[in-house]
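Before any comments, here is the structure.
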2 protein chains.
Amino acid sequence: MLDKDEVKEAIVNVARHIFSRFGFRKTTMDEIAIASRKGKSSIYYYFASKEEIFQAVVEKEAEIFKQELIKATNPNDTPAQKLKTHVLVRMRSMEKLANFYSAIKDDFLGHLDFIEKIRKKYDQEEIQMMESILVEGVENGMFEIDDTSLAAIAIVTALKGMEIPLFWGVEEKDLESRLDHLIHILFHGVMKR
Amino acid sequence: MLDKDEVKEAIVNVARHIFSRFGFRKTTMDEIAIASRKGKSSIYYYFASKEEIFQAVVEKEAEIFKQELIKATNPNDTPAQKLKTHVLVRMRSMEKLANFYSAIKDDFLGHLDFIEKIRKKYDQEEIQMMESILVEGVENGMFEIDDTSLAAIAIVTALKGMEIPLFWGVEEKDLESRLDHLIHILFHGVMKR
DNA sequence: GACCATTCGACGAAATTAGTCGAAATAAAT
DNA sequence: ATTTATTTCGACTAATTTCGTCGAATGGTC
């Protein structure tokens, strides 16, 4: 027997696929119900509204990115290696996230406030992850940073602001060198000479 | 000033993108109008109904496949090389076509007759292209076929029936060898020893 | 000006959809 | 066994969306 939260999660997973394919407006509650193999009222039993499911989906999307970040990071890596992994994962998932957001961009004009709220929360977590990498680097003597907190904010913000097209259409084999180049630009001031 | 057919084609091109992204049902005439930078009535001035645009889109989709086939074929190639190119282009575009049809598969249950009609027309053209390759091969003395017409039908039908998943997820580097294998299976009885 | 080709916004009838309601089924508790 | 709480569902409605129409406006050509 499935616990309530598990059913909710199953529904969110189904909804995630449909939303990311068709966007908010073009996704119907009936579709979500059918794809979840549930009656429509059952969906409303777990979620108060279409927006509430969507909110859960966005949250899940952010959570998945975070998990990928954690999974890809090897604790034994040097801080420099961790930086590279972080950037790599972010760039990879950026494409996915960009697809997701472009699928819904037409549906919300302006009032994306709750999405921004979720983003902000996960941005802060990402900044913290980044800072712990930087702190480790400083302790190791590999990095030279006065204010790691500020530096973490600067780096994550820079990554976030980075235009994705920079990486679109880049061949897999060229990605590595371009990544190195990017990291060089970003972290040149951080590494100890 | 644009001629009437050019405007129609421009609209079809716009509609093609929207239909292939959202399917038939989830694509609205207003969207097509806005994306075409036309008033909605103007769309209806060129096309009688949503289905009529869609029909034109399907036709265009098939036409594009045909053009790709023609473009990829080098007249100076040997018949054997032409066979390979034909199979390669078909497999590549199959993926695209499959995406297109999967986007609309839920919208029409059963009554896809006009789509089948268009397909049939283009299948016949493809069979003729195939036959001319076979005939050339026979004249060259490279192939040994009694009834080229029948052989062309058999080969194209076989290609059409081939499951796409056979090629999905296959790495680019492995594609070549798998293709050779397929061609060997398909054309073994045709090549002169 | 008269004529044709093309464009358009506004409108209505029909279809779709978000969310509700009451009830049925299922499990848990007494 | 009976009550109670949890979960499921189809049918319904009010509000929105959407296809296709209508009549008019625009602009070019004779």
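Within every chain, numbering begins at 1; the chains are lettered A, B, ... in the order of the sequence lines, protein sequences first and strands thereafter.
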Can you tell which of D:dT18, C:dT6, C:dA18 lies closest to the side chain of A:Lys50?
C:dA18
Measuring from the side chain of A:Tyr45 (C-beta onward, heavy atoms only), which nucleotide among D:dT8, C:dT7, C:dA18 has the closest atom?
D:dT8
Nearest whole angstrom, please: distance from the P of C:dG19 to the CD of A:Glu51.
8 Å
From D:dC9, D:dT18, C:dA18, pick the nucleotide closest to the side chain of A:Lys38?
D:dC9
Could you give the CD-to-C1' distance, from A:Glu6 to D:dT7, as a whole number of Å?
15 Å
Round to the nearest Å and state the distance from A:Arg25 atom CZ to C:dT16 atom P.
16 Å
Rounded to whole Å, CD of A:Glu31 lies from P of C:dT17 at a distance of 7 Å
Given atom CD1 of A:Ile34 and atom P of D:dT8, what is their separation to the nearest angstrom?
17 Å
Under 4.0 Å, heavy atoms only, any strand: does B:Ser36 hit a base, just the sugar-phosphate, or nothing?
nothing
How close or far is atom P of D:dA24 from atom OH of B:Tyr44, stated in whole angstroms?
21 Å
Check every strand shown and say whether B:Ser42 touches a base, only sugar-phosphate, or nothing at a heavy-atom separation below 4.0 Å.
base
Where B:Phe24 and B:Lys50 come nearest, the two heavy atoms and their spacing
O-NZ, 3.0 Å
Of B:Lys40 and B:Lys4, the one whose closest DNA chain C nucleotide lies more 5'
B:Lys4
Heavy-atom closest pair, residues B:Ala56 and B:Phe47
CB-CE2, 4.1 Å
Closer to the 5' end of DNA chain D via nearest nucleotide, is it A:Lys26 or B:Ala48?
A:Lys26
Nearest whole Å is fine: how far is D:dA14 P from A:Met29 CE?
20 Å
In this structure, how many angstroms lie between the P atom of D:dG20 and the OH atom of B:Tyr46, rounded?
18 Å
Side chain to side chain contact (heavy atoms under 4.5 Å, CB included) partners of B:Val138, counting only residues at least two apart
B:Phe143, B:Ile145, B:Thr148
On the six-membered ring of A:Tyr45, is A:Lys38 placed so that its NZ or CZ lies under 6.0 angstrom from the centre and within 45° of the ring axis?
no
Would you kindly confirm whether A:Ile153 and A:Ile133 end up in one hydrophobic cluster when ILVMFWY residues are joined by side chain heavy atoms under 4.5 Å apart?
yes
